[in-house]
Amino acid sequence: MCFDGQTLSAFLDNELESSKYLIVKEHLQSCSDCQKTIDLLQSVSSQVKLANNQVESFTKETVWTRLSHSTSPGRGLDFWHRAFIISPTLMISLSFLFIAILGASLFFSIFNDSSSFPFSNNADLSFESEKYPLEIPVDNVEKVLAYFNIHDEPLEFYMQLPGPSDFVIQGEPLFLKKTDYVAER
Amino acid sequence: MDVGEDQSYTFKEVYDAVFPVLYKVVYHIIREKTIAEDLCQEAFIRYYNKRIPLPSINESRYWLIRVAKNLAFNYRKRKVRETNAVDKLKQEGVKVQPDTQDNILKEETITVVKKAVDNLPVKYRTVLILKEYGELNYKEIAKILHISENNVKIRIYRARVLLEKKLNRDDLHVF
């Protein structure tokens with residue numbers, strides 16, 4: 001019984017179990033076909049190994065020198081990792097500063113959105129309602145909205161403008177946002 | 001330059017143990033010495049920066065060979081798009097100046113073998129390089145490639161059969 005090519009290839013590589021190795025070895029002495037296959041595989045393996053090259057010692061030393069330089073403390077690491085190693089105090093301070101600036105920006109963007117109020121000079125404007133003829137300078141949209149929320153004013157109100165009206169206000173006071181002040185062009 | 005606090009081996013010990021086989025494997029994928037050096041260095045830097053301890057030098061060896069092999073094939077994939085692999089082989093052959101008839105025949109054989117190996121499918125080429133140049137056994141190759149030992153045996157056999165078909169037998173000389 002002949003062995004398959006995979007078994008013979010493994011035999012060539014000395015990868016068979018000892019018992020099977022001996023069986024194949026004994027078989028090869030009496031089987032020219034299997035011996036031919038072994039010779040062919042051996043020939044291919046020898047030719048492949050012919051192209052093998054030895055690693056020169058200076059190659060190993062050269063790479064080690066470069067490697068030692070790259071893996072020394074503080075080298076070969078990414079920028080932030082290296083920065084933290086060099087000056088952790090500075091990096092922590094900068095981080096807090098960044099967070100503070102970010103927080104302040106967020107705060108002002110939420111509570112001071114009158115910056116986009118569609119008037120060039122808010123101090124010259126005022127409004128009054130029929131029920132509460134109060135004059136409140138429209139220097140802050142939030143004040144106007146807060147007033148209506150507190151006093152439960154009707155929705156309709158008029159705004160006294162220095163010039164001809166060029167905008168309309170849409171929506172419930174409670175839900176008014178800066179985007180509800182639509183310019184009327 | 002220790003690998004880790006709990007390790008009983010140093011980075012230098014790993015380097016000394018692994019570099020020769022790593023370089024051979026990478027070189028036979030790339031066929032360029034300087035690039036092979038760079039890729040080996042890159043693999044060791046990744047190993048150093050990994051900071052996750054490996055239980056033994058052997059495990060480190062498998063890890064490094066796996067990473068370097070992938071780096072090499074990725075590089076080759078990029079490189080093949082730019083240049084013709086056959087031209088590279090020819091240029092490399094010109095560098096060597098054999099002085100005797102035997103050396104001429106040997107160099108011709110090596111050139112043909114390299115070309116045949118380079119044209120093998122990646123999965124067969126990988127096992128062949130690890131086996132013939134890396135001198136690793138089936139068990140080690142299986143661990144590096146995350147496949148079974150039986151699969152390694154099959155791939156190596158098929159690689160040899162394919163290689164035998166690819167080689168132009170009339171032009172080769174067995175030494």
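Note on naming: letters A, B, ... go to the chains in the order of the sequence lines (proteins, then strands), and numbering restarts at 1 for each one. FYI, side chains are in, hydrogens and waters are out, and symmetry mates aren't considered; it's all heavy atoms of this structure.
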If you take all heavy atoms of [X] and [Y], which pair is closest and at what distance?
{"X": "B/R160", "Y": "A/S9", "result": "NH1-OG, 2.7 Å"}
{"X": "A/A51", "Y": "B/K114", "result": "CB-CG, 4.1 Å"}
{"X": "A/T59", "Y": "B/E37", "result": "CG2-OE2, 3.4 Å"}

### Step-by-step side chain to side chain contact (heavy atoms under 4.5 Å, CB included) determination, B/F11 to A/L67
CA-CA 11 Å; B/F11 184 60; A/L67 202 56; 3.8 Å; yes

### Task
Tell me, please, which residues at least two apart from B/E140 pass side-chain contact (heavy atoms from CB on, under 4.5 Å).
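Checked B/E140 against side-chain contact (heavy atoms from CB on, under 4.5 Å); matches are B/R61, B/Y62, B/L136, B/N137.
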
### Message
Looking at chain A, which one of B/E42, B/K139, B/E149, B/H28 has the largest number of heavy-atom pairs inside 4.5 Å, strictly under?
### Response
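So the answer, after comparing B/E42, B/K139, B/E149, B/H28, is B/H28.
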
### Task
Group every Ile, Leu, Val, Met, Phe, Trp and Tyr by side-chain heavy-atom contacts under 4.5 Å, then state whether B/I147 and B/I154 land in the same group.
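No; tracing contacts between hydrophobic side chains, which count when under 4.5 Å, never links both residues.
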
### Query
Is A/L16 reachable from A/L28 through a run of hydrophobic residues whose side-chain heavy atoms are each under 4.5 Å from the next?
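Yes, same cluster.
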
### Query
Which atoms of A/Q6 come close to chain B, meaning under 4.5 Å heavy atom to heavy atom: side chain ones, backbone ones, both, or neither?
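Contact with chain B is through both the backbone and side chain of A/Q6.
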
### Query
By a 4.5 Å heavy-atom criterion (distance strictly below it), what part of A/L8 contacts chain B: side chain, backbone, both, or neither?
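Neither part.
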
### Message
Less than 4.5 Å to any heavy atom of chain A: does that hold for the side chain of B/L128, its backbone, both, or neither?
### Response
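For B/L128, the contact with chain A is made by the side chain alone.
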
### Under 4.5 Å from any heavy atom of chain A - which part of B/Y138
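Both the backbone and the side chain of B/Y138 come within 4.5 Å of chain A.
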
Interatomic distance, [X] atom [atom1] to [Y] atom [atom2] [nearest 0.5 angstrom]:
{"X": "A/L50", "Y": "B/E132", "atom1": "CG", "atom2": "CD", "value": "12.0 Å"}
{"X": "A/S68", "Y": "B/F44", "atom1": "OG", "atom2": "CZ", "value": "11.5 Å"}
{"X": "B/Y157", "Y": "A/D4", "atom1": "OH", "atom2": "CG", "value": "7.5 Å"}
{"X": "A/S43", "Y": "B/E164", "atom1": "OG", "atom2": "CD", "value": "8.0 Å"}

### Task
Would you please test B/D16 and A/K60 for side chain to side chain contact (heavy atoms under 4.5 Å, CB included) and show each step?
CA-CA 8 Å; B/D16 288 339; A/K60 190 178 166 188; 3.4 Å; yes

### Message
As a quick check of understanding, evaluate side chain to side chain contact (heavy atoms under 4.5 Å, CB included) for A/W64 and B/K12, giving each step before the final call.
### Response
CA-CA 9 Å; A/W64 174 251; B/K12 181 73 166 85; 3.1 Å; yes

### Task
Please tell me if the side chains of A/D13 and B/I156 come closer than 4.5 Å, counting only heavy atoms from C-beta onward.
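Yes, close enough: below the 4.5 Å cut-off.
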
### Query
Is there a donor-acceptor pair closer than 3.5 Å between any side-chain N or O of B/Y133 and the backbone N or O of A/V48?
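At least one qualifying donor-acceptor pair exists.
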
